[in-house]
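These values consider heavy atoms only, across backbone and side chains, with no hydrogens, waters or symmetry-generated copies.
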Amino acid sequence: MEGFPSPLESAKFIADHSKDVSVDEEGARRVAESLFDKASAVEFGVAGWKSLHELNPRAADKEAVDWVFLVDTLNFSFWSEQEEQKYLVKYKDKIYSGYWSLCAAVNRALDEGIPITSASYFATMTLEQLRHVFRSDTEVPIPLLEERHRVLNESGIVLLEKFGGSFLTCVKMSEKSAQKLLHLILENFPSYRDEAVFEKKKVSFYKRAQILVADTWSVLEGKGDGFFDDISSLTIFADYRIPQVLVHLKAMKYSEELMKKLREGTIFQSGDKEECKLCRTAHVNAGFIII
């Protein structure tokens with residue numbers, strides 16, 4: 001993609017130049033073999049997305065696509081430093097945490113008649129309106145509320161000015177190409193450009209941008225405007241628990257120095273070398289397992 005470094009090439013570059021994180025190919029092969037039979041299960045196919053969780057939209061229409069755009073635009077930072085202190089949302093007598101707390105809050109707002117998935121609404125909504133939509137059922141508020149407000153206003157304005165107020169228009173412009181849709185997202189929505197500089201080279205993550213493409217494909221069931229003939233060109237979205245799982249399964253290794261920092265609870269900032277190495281090497285490893 002012109003102007004946007006490939007996530008796969010970025011992952012390979014970081015893995016090749018990392019001294020603290022490495023792929024154990026034999027370990028990755030063992031994990032791949034253990035997952036092989038599970039990969040054909042229904043829940044891992046395009047039809048499985050809607051049955052994966054009761055909060056996901058069941059329809060395959062404009063409203064469902066706009067729901068996906070909203071939640072993926074806000075799909076960041078749900079981590080709790082203390083297990084007993086979390087942002088939680090109660091919806092239909094169930095308590096949700098993490099990403100699902102976001103989805104529950106969105107569905108709760110829609111049930112209350114708040115058009116939260118409409119660009120004409122969230123392009124101009126106030127911080128207080130957003131605070132109400134994402135109110136917590138604990139004393140812990142949703143993290144980074146101000147940043148979410150800024151991103152929503154920004155994204156809503158782009159949708160209104162360039163895509164007639166709906167992300168489905170952007171999907172139609174991709175001409176059934178996952179890579180073209182990814183490029184359109186990165187080109188038009190700045191909040192999706194998660195990039196860093198590693199060893200003087202610009203590298204990319206594009207985690208949420210690729211998730212948005214994949215979720216759009218899933219909600220449209222891989223049909224019609226959601227039929228992407230190059231959907232397999234997307235890479236896995238390695239973050240949060242995936243590096244920990246890969247190390248636990250001995251498919252990835254950390255140096256003693258890095259492991260010491262992790263055990264001490266060192267917080268790595270966005271764009272730090274350690275963050276790049278952890279997530280990008282996991283990215284390569286997970287890709288190797290899938291291949």
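Side chain of Ser174 to main chain of Val171: a donor-acceptor pair is present (N/O by atom type, distance under 3.5 Å, no hydrogens or angles). Remark: side-chain polar atoms of Thr138 are paired, donor with acceptor, to backbone N or O of Lys86 under 3.5 angstrom. Remark: the backbone N or O of Ala15 is not paired with any side-chain donor or acceptor of Ser18 at under 3.5 angstrom. Between the side chain of Arg193 and the main chain of Tyr206, no donor-acceptor pair closer than 3.5 Å is present. Formation of a donor-acceptor pair under 3.5 Å by the Arg148 side chain with backbone atoms of Leu130 is not found in this model. Side-chain atoms of Asp66 come within 3.5 Å of backbone N or O of Phe167 as a donor-acceptor pair. At least one donor-acceptor pair under 3.5 Å links the side chain of Lys50 to the backbone N or O of Arg58. In this structure a side-chain-to-backbone donor-acceptor pair under 3.5 Å is missing from Asp230 to Ser233. With hydrogens and angles disregarded, no donor-acceptor distance shorter than 3.5 Å links the side chain of Arg135 to the backbone of Pro141. Side-chain atoms of Asn153 come within 3.5 Å of backbone N or O of Phe122 as a donor-acceptor pair.
Two different hydrophobic clusters hold Leu70 and Ile157 under the rule that ILVMFWY side chains link at heavy-atom gaps under 4.5 Å. No chain of hydrophobic side-chain contacts below 4.5 Å, direct or via other Ile, Leu, Val, Met, Phe, Trp or Tyr residues, connects Ile95 to Leu55.
Summarising the geometry, atom CG belonging to Leu212 is positioned 14.5 Å from atom CH2 belonging to Trp217; distances are rounded to the nearest 0.5 Å. Atom CH2 of residue Trp100 and atom CD of residue Glu54 lie 8.0 Å apart, to the nearest 0.5 angstrom. A distance of 11.5 Å separates NZ of Lys12 from OG of Ser6, quoted to the nearest 0.5 Å. Between the CZ atom of Phe163 and the OG1 atom of Thr169 there is a distance of 8.0 Å, given to the nearest 0.5 Å. Taking NE2 from His149 and CD from Glu128, the interatomic distance works out to 9.5 Å, rounded to the nearest 0.5 Å. Atoms OG and CZ, from Ser101 and Phe78 in turn, are 5.5 Å apart once rounded to the nearest 0.5 Å.
Here Phe4 and His183 bring their ring centres to under 6.0 angstrom of each other.
Taking 4.5 Å as the limit, every side-chain heavy atom of Asp24 sits out of range of all side-chain heavy atoms of Met252. Residues Val21 and Lys253 form no side-chain contact, since every pair of their non-hydrogen atoms from C-beta on lies 4.5 Å or further apart. Val133 is listed as a side-chain neighbour of Met125, based on a closest heavy-atom distance under 4.5 Å. Inter-residue side-chain proximity for Val106 and Thr117 is flagged as met; some heavy-atom pair is nearer than 4.5 Å. The side-chain heavy atoms of Val71 and Tyr99, taken from C-beta on, include a pair separated by under 4.5 Å. Counting heavy atoms from C-beta outward, Ser10 and Glu195 have side chains that stay 4.5 Å or more apart. You'll find the side chain of Arg150 reaches within 4.5 Å of the side chain of Glu147, heavy atoms only.
Electrostatic pairing of Lys223 and Glu221 counts as a salt bridge here, judged by a charged N lying under 4.0 Å from a carboxylate O.
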Just do the side-chain contact (heavy atoms from CB on, under 4.5 Å) check on Tyr121 and Gln129 with the steps written out, would you? CA-CA 10 Å; Tyr121 179 78; Gln129 286 175 319; 3.8 Å; yes
Between Tyr192 and Thr73, does a side-chain hydrogen bond (donor to acceptor under 3.5 Å, both in side chains) hold up when you go through it step by step? CA-CA 8 Å; Tyr192 279 91; Thr73 298; 2.7 Å; yes
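For Lys90 and Tyr96, the positive end is not near the middle of the six-membered ring at less than 6.0 Å and at most 45° from its axis.
Side-chain contact annotation: Asp111 with Tyr91, donor-acceptor N/O pair under 3.5 Å present. Using modelled atom types and a 3.5 Å distance limit, the side chains of Asn56 and Trp67 yield no donor-acceptor pair.
Taking a 6.0 Å sphere around CD of Glu139, one finds it holds 12 or fewer heavy atoms contributed by other residues, nucleotides or ligands.
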